[in-house]
There are 2 protein chains.
Amino acid sequence: MTVKFNNRDPVYVQVIQHFKEQIAKGYFEPGQEIPSRRELANQLKINPNTAQRAYKEMGEQGLIFTEGNMPSCITKDEAVLKSVREELIIEAVDLFLGSIKSIDVPLSEVLEIVKKKHDAESGEAEGSK
Amino acid sequence: MTVKFNNRDPVYVQVIQHFKEQIAKGYFEPGQEIPSRRELANQLKINPNTAQRAYKEMGEQGLIFTEGNMPSCITKDEAVLKSVREELIIEAVDLFLGSIKSIDVPLSEVLEIVKKKHDAESGEAEGSK
DNA sequence: TTTCGTGTATTAAGCACTTAATACAGTTTG
DNA sequence: CAAACTGTATTAAGTGCTTAATACACGAAA
């Protein structure tokens, strides 16, 4: 497990974001065990308390659960898991539309750029394929 | 002049962002005077030093210039003004594509949502028109 | 039982941003 | 000239958030 952190957002927020993305991609089974706070801290080279804070918030959001001193697990509620993906998409779309709106760019103009950039990226990602 | 601040980003960064958006919209003429540090601080209900910091960075970025003790002005370099709009667009697109990529959402799927949301927003914005 | 690994809680330290209080030089205006 | 406005600079204090350092309770396992 590896995460590239930026210096802009709090680390614990980025950790939560990372887990949400993993969930959105379907990398986790419902009820699956996740690394302990200390183990995650070692893997990501962060402080155990930072990992703790991330897990604590994920617990409050219902993304993970903890019983007694057992390792924490991904929620078994598949509706929650599904909604994570939808919420991330909505977030991205709203942020995007907000930015576009704030500079009065016609949607058609920017969508052209989006498609162009997307094709360029996926092209270089596949290499000489 | 009014700006709605969020509690997430530094105020001086949001002030710069606000000016860039105004420039991108073409609200400023090249060479146009802008409010003094103290006046802007009064208008936006912020500390004069915060306004100063924003203006200082905008000066370093070539967005505004100051001669002697004259009021600061928007740059006369129209190429710079034009590039502001383009950079904001590129920023928005890159951020958007990055978010989409991190959760493996097909472009076609998300573009549908974008169009749908955009139509809904512009619809309610125009009211009973 | 002892040891180790869980989760959890408390307290302190560090850091960036904001605000504040001044100060100074120059120009315009009354 | 004097007052009031520009921009600019320095220094310090305060504030909130993040991170760090510890400690504690519990349970499983050697």
Quick check: any donor-acceptor pair below 3.5 Å linking the side-chain of R37(A) to the base of dG5(C)? no

Given that M70(A) and P10(A) both sit by DNA chain D, which one's nearest nucleotide is further toward the 5' end? P10(A)

Does N69(A) make a side-chain donor-acceptor contact with the base of dA25(D), cut-off 3.5 Å? no

Check the phosphate of dG7(D) against T66(B), side-chain N and O only, distance under 4.0 Å to OP1 or OP2. Yes or no? no

Once you round it to whole Å, what is the distance between P of dT22(D) and CD of Q52(A)? 18 Å

From the set dG7(C), dT19(D), dA23(C), return the single nucleotide nearest to any side-chain atom of R38(B). dA23(C)

Over how many whole Å does the gap from F65(A) atom CZ to dT6(C) atom P extend? 17 Å

Can you check the K56(A) NZ to dT8(C) P distance for me, whole Å? 9 Å

Axial cation check for Y55(A) ring with R37(A), 6.0 Å and 45° limits: no

Gap between atoms CG and C1', on N49(A) and dA12(C) respectively (whole Å): 11 Å

Nearest whole Å is fine: how far is dA28(D) C1' from E33(A) CD? 13 Å

Check I46(A), T50(A), N6(A), L44(A) against Q14(A) for a side chain to side chain contact (heavy atoms under 4.5 Å, CB included) and give me the one that passes. N6(A)

Group every Ile, Leu, Val, Met, Phe, Trp and Tyr by side-chain heavy-atom contacts under 4.5 Å, then state whether L95(A) and I100(B) land in the same group. no

N/O donor-acceptor pair, side chain N47(B) with base dA21(C), under 3.5 angstrom: no

Is the shortest side-chain N/O distance from R53(A) to OP1 or OP2 of dT18(D) below 4.0 Å? yes

N6(B) CG to dC17(C) C1', straight-line distance once rounded to whole Å: 14 Å

OP1, OP2 of dT18(D) versus side-chain N and O of Y12(A): anything below 4.0 Å? yes

Has S36(A) got a side-chain N or O lying under 4.0 Å from the OP1 or OP2 atom of dT6(C)? yes

Please check the phosphate of dG7(C) (OP1 and OP2 only) for any side-chain N or O of S72(A) closer than 4.0 Å. yes

Counting heavy atoms not belonging to E29(A), are there more than 12 under 6.0 Å from its CD? no

Could you state the atom-to-atom distance from CZ of R8(A) to P of dA16(C) in whole Å? 16 Å

Any P30(A) side-chain heavy atom under 4.5 Å of L81(A) side chain: yes

What is the distance from CE of M58(A) to P of dT8(C), rounded to the nearest Å? 12 Å

Using only modelled atom types and a 3.5 angstrom limit, is any donor from either the side chain of N7(A) or the base of dA16(C) paired with an acceptor on the other? no

Which nucleotide, dT6(D), dT6(C), dT19(C), lies nearest any side-chain atom of E39(B)? dT6(D)

